[in-house]
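All heavy atoms count here, side chains included; hydrogens, waters and symmetry mates do not. Order of the sequence lines sets the chain letters (A, B, ...), proteins ahead of strands, with each chain counted from 1.
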Amino acid sequence: MRVRIAPSPTGAMHLGLARTALYNWLFARHHNGKFILRIDDTDLKRNIKEALEPILRGLRWLGIDWDEGPEVGGPHAPYFQSQRAEQYQAAVRELLERGFAYRDYATPEEIKAEKEAALAEKRSLRYSRRWMAETSEQRARFESEGRKPVVRLKMPQEGKLVICDLVRGHVEFNWALEQDHVVQRADGSCLYHLANVVDDYDFGITHVIRGEEHLSNTPRQVFIAQSLGWPLPEYAQMPFVAEPGTKNKLSKRKAKRYLKNPDFAQLVEHGNRIADTLRLETDPDTFNPVVLDFYEKVGFLPEAILNYLVLLGWSLDDRTEHFTREELVRVFLLDRVNRAPASFDPRKLMAFQVRHMLAKPVEERVDMVLPYLHKAGLIPEQPDDGTRTAVARILGAAGDRVKVAGDILDYADFFTADTELEYAEKAFRRRMGKQGAVELLRRLRDRLADDGEPFEVAGLERLMRGFIEAEGVKVGDIIHGLRVAVTGKQVGFGMFDCLAILGRERCLVRIDRALEKAAAMQTDAGENDERR
RNA sequence: GGCCCCAUCGUCUAGCGGUAAGGACAUCACUCUUUCAAGGUGAAGACACGGGUUCGACUCCCGUUGGGGCCA
C-alpha cells in the first residue's frame with residue numbers, strides 16, 4: 001500500500017495538513033506500506049526551499065517520517081511537480097489522441113458570456129463546446145482567427161459515477177453535471193487535477209487519503225485516470241478540521257478572526273506571553289495556533305499534538321483517549337474515521353498537552369525546559385548539575401503549572417539574582433501593609449537564619465508550625481507576606497518548596513531586601529502623612 | 001446559483017433496532033488547602049424537525065430545516 005500527501009509549500013504547516021499527514025502516515029505504518037511526500041509547487045515562483053522548510057520541519061517534529069520525497073529521494077524522483085511537466089504534457093497528448101479531451105478555442109470573454117447566460121437561467125453551467133476543435137481543419141480555422149487553444153476534458157454527457165469512498169461509502173455523481181474542465185492552459189502548462197492524477201499513477205499510489213473538500217473533484221480525476229486506462233486508487237475523504245466554535249474549514253488566514261473565540265484567544269495569549277519574554281515574533285499571520293510552528297516554539301509536546309489531532313475525526317472506542325505514537329500505529333484503522341467535520345478545541349488540546357507532559361519523567365521535562373531558560377538569558381547554555389537539580393525540583397513542585405515547556409519562564413525569579421528580584425508592587429503593598437506583618441516576617445527571618453534544622457521541606461514545615469504556635473498566629477498571617485518577600489509574587493507553588501529550592505542563604509537575602517523595602521514604604525507613608 | 005457532503009451534551013465522541021443514551025474536555029457546586037493550580041466527590045448537559053418502516057427506532061428509508069465543501 002502506498003499513500004501520499006501532496007502539500008503546496010505555503011511557508012507554514014497548517015493543522016489540517018498535519019492531521020491529513022498523520023492519517024496517511026498511520027495508515028502506511030499500520031499496514032506496512034509506504035508514505036510518500038510529494039510537493040505541489042507548480043504555482044510557486046521562487047523560494048521553494050524556504051516555503052517548504054516549515055512543512056518538512058513540522059513533519060519531522062511530529063515524528064512523521066516519509067519513505068520517499070524531498071531530501072530522502074526514492075525510485076520515483078523527482079518528487080516536485082514543477083519538475084514533472086513533461087509527464088503531464090504526455091498525459092494530455094494521450095487524452096487528446098484517445099478523444100477524451102479536446103482543444104478549445106473559446107476566448108475568456110466567450111466563456112464568461114456562457115457562464116452568465118447559465119447563471120441567468122439558473123441552470124448549472126455547462127460549456128456549449130462551440131469552439132471545440134477536433135479536426136485539423138477546425139483547428140486551422142480557429143487559429144486563422146488568431147485564437148489560442150486550451151485543452152479541456154470531454155466529459156461524458158450521460159450516466160452516473162459511483163464512488164465507493166472508504167469513509168463515506170457510496171457517493172453518486174451525474175456525469176452530465178460535470179464540467180469540461182481545463183487540463184492544459186494556453187501557455188502549455190497543466191492544471192492541478194491532471195498533475196495529481198498523473199503523479200498518483202506514476203508513484204503507484206493505492207489509497208488517496210485526503211480532505212473532504214476534494215470529494216467533488218473526484219469525478220474529473222476518475223475520468224482522467226479511466227480515460228488513460230489507469231487503475232483507480234481507493235479514495236478516503238476525511239472530514240476537514242473546522243474552526244473553533246463553527247463548522248467552517250479551519251484557515252490560516254482567518255487566525256486574526258479566531259481571536260474572537262475566547263478559548264482560541266487564551267491559547268494565543270499563553271503563547272504570546274512566552275514569545276514575548278523570548279522576544280520572538282508574535283505576528284498573528286505567522287505565530288498562531290492554526291500553524292504547527294506555534295506549538296513547537298512555545299514548547300508543546302509533539303505527541304500531545306498528535307494525540308489531539310488524531311481524535312479530531314477518529315476514535316478507537318468509547319473510552320480510550322490517551323495514545324502514544326506507537327499505540328496509534330498499532331490501532332489506527334480508516335474505518336473508524338468519522339464523517340462529520342470536527343471543530344478545533346484549544347482547551348482540549350491543552351488538556352492533552354498537560355496529560356502527556358505529566359506522563360514524562362522529570363529528567364525529560366528538564367531537558368525540554370532548559371533551552372527556554374537559556375534563551376531568556378537566565379542560565380548558561382551548558383547548565384551545571386546544580387542548575388539541573390534546581391530545575392528538576394521546580395518542575396516537581398510546579399506540577400501541572402508548567403503545561404508547556406515555555407511556562408518555566410513563570411518561575412524565572414528562581415534564577416534572577418536575589419538583589420534584582422522584582423516585586424509585584426500591588427501584592428507587596430497588600431501583604432506587607434498589613435498590621436504587624438513586617439514585624440512578624442522579621443521574627444520569622446531570624447528563626448530561619450539560626451534554626452539548626454536542614455533547610456528542607458519537612459524541616460521547614462516543622463519550623464513554621466513551631467513558629468506560628470509560639471507567635472499565636474495562623475499560617476495565613478505569615479505565609480503570604482513570606483511568599484511575596486521571597487518570590488516577588490503572591491501566587492506560586494508550595495511555599496516550603498520555594499524556600500527549599502532557593503536555600504537558606506538566598507531566602508535570607510531576599511527577606512532582608514523585602515524588609516528594607518517595607519521599611520522604606522513605611523517611611524514614605526509617614527512623610528506623606530506629615531505633609532497632609 | 002448548480003452539484004455533493006454532514007447532523008448525539010457548549011466541544012470531541014461511543015452507539016451500529018430493545019441502553020437508566022456511555023466517556024473525555026469545558027462548566028457549576030462541594031471538598032481538600034499557605035496562595036494559584038492540581039486532586040477528590042457530585043451536579044447540570046445531547047439524539048435538529050416531520051413523516052414513514054417496524055411489536056419496537058438515536059440507529060433503516062423519505063422529506064424539511066440547518067451547517068459545510070466544491071464548481072462558478
Problem - Within 45° cone and under 6.0 Å: A:K148 NZ/CZ vs A:Y105 ring - result: no

Exercise for the section: Could you tell me whether A:D104 and A:R129 have a side-chain N and a carboxylate O separated by less than 4.0 Å? Expected result: no

Handout entry: Options B:C4, B:C70, B:C6, nucleotide nearest the side-chain atoms of A:S216
Key = B:C70

Handout entry: Closest listed nucleotide, where the reference is the side chain of A:L177 and the choices are B:U34, B:C3, B:C6
Key = B:C3

Exercise for the section: Decide, yes or no, whether a salt bridge links A:E456 with A:R393 under the criterion of side-chain N to carboxylate O below 4.0 Å. Expected result: yes

Exercise for the section: Report yes if at least one side-chain N or O of A:R126 is closer than 4.0 Å to OP1 or OP2 of B:C3; otherwise report no. Expected result: no

Handout entry: Sequence-aligned protein contact record of nucleotides 21-33 of chain B, with B where the base is within under 4.0 Å of a protein heavy atom and S where only the sugar-phosphate is
Key = -BBBSSS------

Problem - Sorted by number, the residues of residues 243-260 of chain A with heavy-atom contact under 4.0 Å to RNA chain B - result: A:K247, A:N248, A:K249

Problem - Salt bridge A:R443-A:E439, side-chain N to carboxylate O under 4.0 Å - result: yes

Exercise for the section: Could you tell me how the ring of A:F294 sits relative to the ring of A:F300: parallel (under 30°), tilted (30 to 60°) or perpendicular (over 60°)? Expected result: tilted

Practice task
For B:G45 versus B:G22, give the span between their P atoms, rounded off to a whole number of Å.
Solution key: 12 Å

Completion exercise
Sorted by number, residues from residues 488-497 of chain A placing a heavy atom under 4.0 Å from RNA chain B are A:Q490, A:V491, A:G492, A:F493, A:G494, A:M495, A:F496

Practice task
Answer with base, sugar-phosphate or nothing: what part of the nucleic acid does A:R401 contact at a heavy-atom distance below 4.0 Å?
Solution key: base

